[in-house]
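Below you'll find the structure, written out as structure tokens, and then a few comments.
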Amino acid sequence: MPELNSGMLAVDEALKSVLLGIKQLDYEQISIAQSLGRVLAVDLISRLTQPPSAVSAMDGYAVAVNDIATIPVTLKQIGESAAGKSFNGKIKAGQTVRIFTGASIPQGANTIIIQEDTEKSGGGIIIKEAAPEGKYIRPAGMDFKKGQKLLKAGTRLNARNIALAAAMNMPWIKVIRKPRIAILSTGNELVLPGEFVGQDRIISSNSLGLAAMVSANGGIPINLGIAKDDPGSLKNAVSQLSGVDMLITIGGASVGDYDLIKSVLGEEGLDITFSRVAMRPGKPLIFGNIFGTPMLGLPGNPVSASVTATLFLLPAISKMLGAEDSSHNTETAALGRDLKKNDSRQDYLRAKIEINKAGENIVTPFAQQDSSMLENYAKADCLIIRQPFADPLARGEIVRIVRLD
Ligand code: AMP
Ligand code: MG
């Protein structure tokens with residue numbers, strides 16, 4: 001495996017080897033009513049043609065263009081066509097049918113005169129404006145046709161494509177099963193939100209943030225709680241692991257005396273693919289496989305854990321789902337302040353985007369970039385990506401950014 005300075009793997013290489021270790025999951029069949037955010041396992045082929053016949057796009061009168069060659073003209077109304085109840089007869093010369101939006105076009109008619117361009121007089125309908133053939137007529141299949149592939153496997157269903165699938169008459173759909181992601185926090189100092197926070201204690205905020213990230217991206221988080229920084233506690237926490245698609249550990253991934261993930265889980269059979277990535281935040285990042293389950297060992301600092309999860313866990317979830325991944329999609333923006341030369345690690349600077357008077361995106365990194373700082377991370381819109389050894393940049397120069405959320 002190509003390694004950058006001092007055993008650190010480049011971000012791209014690390015991402016490639018994570019994705020190599022992840023497989024797409026099986027599918028399940030669910031009701032379309034439950035399908036928001038789920039990923040299609042198969043292409044959806046329409047079961048019907050929409051609209052099924054030519055229909056009116058307006059309320060008005062169905063007429064034959066031959067009858068309205070000179071206007072005004074008075075036509076005889078012989079019936080009506082409404083959505084759900086069409087007119088069965090045929091329009092002959094001098095006749096018209098009252099028609100409503102969504103109703104079938106009667107035989108013999110080939111254009112619609114909107115209600116506003118007509119007037120009732122006795123038994124007749126005065127047509128005051130002409131219309132060309134086909135005006136306000138939606139032909140059969142204008143929207144889509146039976147047998148057309150309208151949604152592709154791998155699509156994450158949003159409100160718009162759920163409406164489309166419903167219109168295709170799909171009550172049940174095959175989606176990829178949700179990845180089950182186990183999350184284990186490690187650290188003697190950690191307590192849960194709501195617990196008594198004594199001396200030397202901090203709250204395990206990461207596990208909640210990561211669980212939310214898993215849910216928001218189509219997975220099921222499974223909270224394994226908090227293990228102590230001792231071999232017995234750690235081994236115990238993972239010993240019963242089964243039925244999950246990935247294990248996330250938080251903390252204990254670095255080189256301190258209490259960083260036990262590599263050594264202790266190594267004894268348990270963790271096969272490590274890499275354990276250091278040339279990035280900031282997030283240098284101590286582990287990927288491997290334990291008991292046949294892929295494992296991502298995230299650093300404990302809250303911003304490091306979240307940024308590494310954004311860049312490695314989210315693509316892994318997308319791969320399990322067979323969905324496209326957007327977590328590495330970049331955009332450009334102009335810098336709101338100068339940046340110094342970068343060192344050997346790829347930097348992900350927490351930053352805020354503002355739109356200037358000219359409508360351009362101006363991105364300004366926070367002055368403090370410490371990987372423990374949740375307050376400015378929560379305010380950030382994006383990360384500015386700086387390549388290893390990138391040159392200094394002046395305010396106004398263009399940088400690459402990756403959006404958060
Ligand atoms: P570690 O990677 O275990 O050395 O932890 C690095 C820093 O992150 C330490 O300050 C830990 O207290 C903190 N930390 C570790 N795990 C969590 C967690 N689950 N939530 C919030 N902070 C954490
Ligand atoms: Mg720790």
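As the structure is a prediction and not an experimental result, all values here were calculated from the model. Start at 1 and go down the list; that is how both ligands and their atoms are numbered.
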I'd like to check which ligand 1 atoms, numbered from 1 as shown, lie under 4.0 Å from a non-hydrogen atom of [X].
X	result
E189	11 (C), 12 (O)
D259	3 (O), 4 (O)
I203	20 (N), 21 (C)

Atom CG of residue position N356 - does it have more than 12 heavy atoms of other residues, nucleotides or ligands inside 6.0 Å? yes

Sequence neighbours excluded, the answer for side chain to side chain contact (heavy atoms under 4.5 Å, CB included) partners of D370 is S372, M373

Side chain to side chain contact (heavy atoms under 4.5 Å, CB included) involving T118 - partner list, sequence neighbours excluded: Y61, I113, I125, I127

[X] versus ligand 1: do any nitrogen or oxygen atoms come within less than 3.5 Å of each other?
X	result
G251	no
S207	no
G252	yes

Between [Y] and [X], is the closest basic N to carboxylate O distance under 4.0 Å?
X	Y	answer
E119	K128	yes
E324	K319	no
K178	D245	no

Can you report which non-hydrogen protein atom sits closest to [atom], along with the distance?
atom	result
atom 7 (C) of ligand 1	N301 OD1, 3.5 Å
atom 18 (C) of ligand 1	N206 ND2, 3.3 Å
atom 13 (C) of ligand 1	G300 O, 3.7 Å
atom 22 (N) of ligand 1	I202 CD1, 3.5 Å

Please name the residue in the list I353, D347, V402, I401 that meets the side-chain contact (heavy atoms from CB on, under 4.5 Å) test with I384. I401

Apply the side-chain contact (heavy atoms from CB on, under 4.5 Å) test between F312 and each candidate in I317, L296, I248, L298; give the one that qualifies. L296

Just go through S205, S304, S204 and tell me whose heavy atom is the nearest to atom 19 (N) of ligand 1. S204

